[in-house]
Amino acid sequence: YTLGGEEQMIPYIPEGSSEPLVFLKGKIDRIEYCAEENLIRIIDYKTGKENDVIKSHCSITRDKETKEILRVKFVNLQLPLYAMLLRQDKYFAQKHNIDMENVKICCAYLTIPNSVTSIGESAFQSCSALTAVEIGNGVTSIGESAFYYCSSLKSIVIPSGVTKIAKNTFFKCSSLASVTWHNDIDEIGDYAFYQCEALSDIVLPSGLVTIGTEAFYKCDKMVKVTIGDKVKEIGDAAFTNCNSLSKIDVSENNQQFCSIDGVLFDKDVNTLKCYPKGKTEKSYTIPNSVVTIGVYAFSNCYVLNEIVIPEGVTKISSCSFSECSGLESLTIPSTIKEIENWAMDWCWAMDKLVSLSLIPPTIYSSTFYKTDEVVPLYVPAECVGIYKESEYWKDFDIYPITENANAKSDIERDDISIRIVGGVLVVEGTDDYRVYDLMGKSLSKAERLEKGIYIVVTDSKREKVLVK
């Protein structure tokens, strides 16, 4: 095999050996490891002999009565000549309670030979120094989390025999900028490229059928994605929170999905799947045919100040508007039946919430988490009592909608003055008011305010104040 561009001899494997082995490049004089119970054997590839033990770098916890090993922890263990760790049991570390957190792997480049057919689960997990891997053409399977958190890995070429990118394969490979693959790949698993922040525009394989949940979550440099005609399944939040993503295109021949103005829908435009975070428009009107706003559909789209939800929408899914910190108001149409948990959490800028439904929609304890405490709710006048008795809705300050509900005289009283004097909040015209910070925390009226933005709520007025 090859390591660092240099040809290496095939490692010596003791006859009848069944223990996991660590093969090392070059001549090794001493290296820290734990040899108790033969948990790990360190082998010199030329001689096949084990190296000396320095136990000061290994902490072993045993049962006081049975003496059974409960936990093995390596302390600042370094393997500067590390090449490959082969495990006979893929759950070896968990089985023996081995804590590898402080083990430092210093290999930067590795070539996997053509004779290898499979890369096991978590094979290179957390190898933070690994910058490049050349995978041999014999590999047909790459296990889950194989390159999990390889934060220095910059590029990867997927061999032609691999047809699936498994769950978590490149999870948080934050330096990964380039992926080269073939068109026969039919599945990209859940979280496969989660938070690969350096990954720029990629061309998805033409044979792709399935894109997993949060497969490309927070891939910040992606500007555009094109969905091919064979894709049948796209998991929740597959392209959510990608800062630069401004457009999702879908092949016209795709039978399951479509795109309108760069926004992803199901084919019948009944479900809005994803509004790209990188779009720059301040306002968006959801098409009239939409019935369901999908999970994470607008999550973290902080540029949007206004979203118009049409009559006909019946469900707002979990996290649909989560952390839409620029959203100033929202009108819930009369057709809404359910708003799931966290659907509108952390909407810090929300000034007003209007529900047109005569029957309060079903909501949950965290539907408006960190939003509900400071947002006035306006409902049909004849339904105020119903909302005030409905679970979770009753936590709002509830007001009736009038014919001129948008007129200042109906929502705000001009005789109430809110201002800052010398860092002290002064409210004139009423003693009934509350003060919150932008995190939704209630503050004392007498508290001297530090620099920042605060929200003051009276019985008829809600106003942001700035302390300089």
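In this text, all values refer to a predicted model and were calculated from it rather than measured experimentally.
Of the inter-residue distances, the one linking Asp261 atom CG with Lys247 atom NZ reads 9.0 Å to the nearest 0.5 angstrom. Atom CG of Asp236 and atom CG of Asp190 lie 9.5 Å apart (nearest 0.5 Å). Between atom NZ of residue Lys164 and atom OG1 of residue Thr169 there is a gap of 8.5 Å, rounded to the nearest 0.5 Å. Distance CD/Glu187 to OG1/Thr163: 8.5 Å, rounded to 0.5 Å. Atoms CD and OG, on Glu338 and Ser318 in that order, are 10.0 Å from each other to the nearest 0.5 Å. Taken from CD in Glu252 to OG in Ser259, the straight-line distance is 10.5 Å, to the nearest 0.5 Å.
No donor-acceptor distance shorter than 3.5 angstrom exists from the side chain of Asn168 to the backbone of Phe171, with no hydrogens or angles considered. Distance alone, capped at 3.5 Å, places no donor-acceptor pair between the Ser329 side chain and the Asp351 backbone. In this structure, the side chain of Lys167 does not engage the main chain of Ala192 through any donor-acceptor pair within 3.5 Å. Formation of a donor-acceptor pair under 3.5 Å by the Asn183 side chain with backbone atoms of Ser206 is found in this model. Proximity of a side-chain donor or acceptor of Ser178 to a complementary backbone N or O of Ser155 within less than 3.5 Å is not detected. No donor-acceptor distance shorter than 3.5 angstrom exists from the side chain of His182 to the backbone of Pro205, with no hydrogens or angles considered. No donor-acceptor pair closer than 3.5 Å links the side chain of Asp345 to the backbone N or O of Ser366. A donor-acceptor contact shorter than 3.5 Å links the side chain of Asn254 to the backbone of Gln256. Judged by distance alone, with hydrogens and angles left aside, the side-chain atoms of Thr271 form no donor-acceptor pair with the main-chain N or O of Gly294 at under 3.5 Å.
Under the side chain to side chain contact (heavy atoms under 4.5 Å, CB included) test applied with Ile309, the options Leu272, Thr285, Thr331, Ile293 reduce to a single match, Ile293.
With contacts defined as side-chain heavy-atom distances shorter than 4.5 Å, the pair Leu356/Glu311 qualifies. Taking 4.5 Å as the limit, every side-chain heavy atom of Leu304 sits out of range of all side-chain heavy atoms of Tyr302. A 4.5 Å side-chain heavy-atom check between Tyr194 and Lys172 finds at least one atom pair inside the cut-off. Residues Ser299 and Thr240 have side chains in contact (heavy-atom distance under 4.5 Å, counting atoms from C-beta outward). Side-chain contact check for Trp348 versus Thr371: every heavy-atom pair is 4.5 Å or farther apart. Side-chain contact between Leu176 and Ile156: present, with at least one pair of heavy atoms (C-beta onward) separated by less than 4.5 Å. When side chains are defined from C-beta on, Leu330 does not count as touching Val354, because their heavy atoms never get closer than 4.5 Å. Using a 4.5 Å heavy-atom threshold, the side chains of Leu208 and Trp181 count as separate.
Between Phe298 and Phe321, the angle of the ring planes stays under 30°, which puts this pair in the parallel group of the 30/60° scheme. Ring geometry, Phe368 versus Phe396: the interplanar angle exceeds 60°, so the pair is classed perpendicular (tilted spans 30 to 60°).
Within 6.0 Å of NZ on Lys232 lie no more than 12 heavy atoms contributed by other residues, nucleotides or ligands. For Lys279, the NZ atom counts as densely surrounded, since its 6.0 Å shell holds more than 12 non-hydrogen atoms of other residues, nucleotides or ligands.
Closest of all the heavy-atom pairs between Ile188 and Leu204 is CD1-CD2, 4.2 Å. Considering every non-hydrogen atom in both Glu281 and Val303, the closest pair reads O-CG1, 3.7 Å. Of all non-hydrogen atoms in Phe170 and Cys196, the two that sit nearest each other are O-SG, 3.2 Å. Here the shortest heavy-atom pairing between Ile339 and Ile336 reads CG1-CG2, 3.8 Å. Listed here is the closest heavy atom pair of Thr292 and Ser317: CG2-OG, 3.7 Å. The shortest non-hydrogen separation linking Trp393 to Ile332 is CH2-CD1, 4.1 Å.
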Q: Verify side-chain contact (heavy atoms from CB on, under 4.5 Å) between Val250 and Phe265, making sure each step is shown before the conclusion.
A: CA-CA 9 Å; Val250 179; Phe265 298 87; over 6 Å; no
Q: Before giving the answer on side-chain contact (heavy atoms from CB on, under 4.5 Å), spell out for Thr367 and Trp342 the whole-Å C-alpha distance, their side-chain angles and the decisive distance to 0.1 Å.
A: CA-CA 4 Å; Thr367 295; Trp342 302 290; over 6 Å; no
Q) Yes or no on salt bridge (Lys or Arg N to Asp or Glu O under 4.0 Å) for Glu340 and Lys315, after CA distance, side-chain angles and deciding distance? A) CA-CA 8 Å; Glu340 292 186 337; Lys315 181 179 179 180; 3.1 Å; yes
Q | Evaluation steps, side-chain contact (heavy atoms from CB on, under 4.5 Å), between Ile307 and Ile286 | A | CA-CA 7 Å; Ile307 299 174; Ile286 295 173; 4.0 Å; yes
(Q) Cys274 vs Ile248, test: side-chain contact (heavy atoms from CB on, under 4.5 Å). Steps then yes/no. (A) CA-CA 9 Å; Cys274 181; Ile248 300 174; 3.9 Å; yes
Q | Stepwise ring-ring contact (aromatic ring centres under 6.0 Å, His included) check, Tyr284 with Tyr275 | A | CA-CA 10 Å; Tyr284 180 71; Tyr275 182 94; 4.9 Å; yes
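In this model, a donor atom of one side chain and an acceptor atom of the other lie less than 3.5 Å apart for Ser283 and Glu306.
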What donor-acceptor contacts under 3.5 angstrom involve side-chain atoms of residues 137-153, with partners at least two apart or in another chain?
from	atom 1	to	atom 2	distance (Å)
Thr140	OG1	Thr117	O	3.4
Ser152	OG	Ser128	O	2.5

Show which side-chain atoms of residues 211-229 pair as donor or acceptor with protein atoms under 3.5 Å away, not counting sequence neighbours.
from	atom 1	to	atom 2	distance (Å)
Tyr217	OH	Asn241	ND2	3.3
Lys218	NZ	Asp220	OD2	3.2
Asp220	OD1	Asn243	N	3.4
Asp220	OD1	Asn243	ND2	3.3
Asp220	OD2	Asn243	ND2	3.4
Lys224	NZ	Asp249	OD2	3.4

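Taking the six-membered ring where the residue is Trp, the centroids of Trp346 and Tyr369 are separated by under 6.0 Å.
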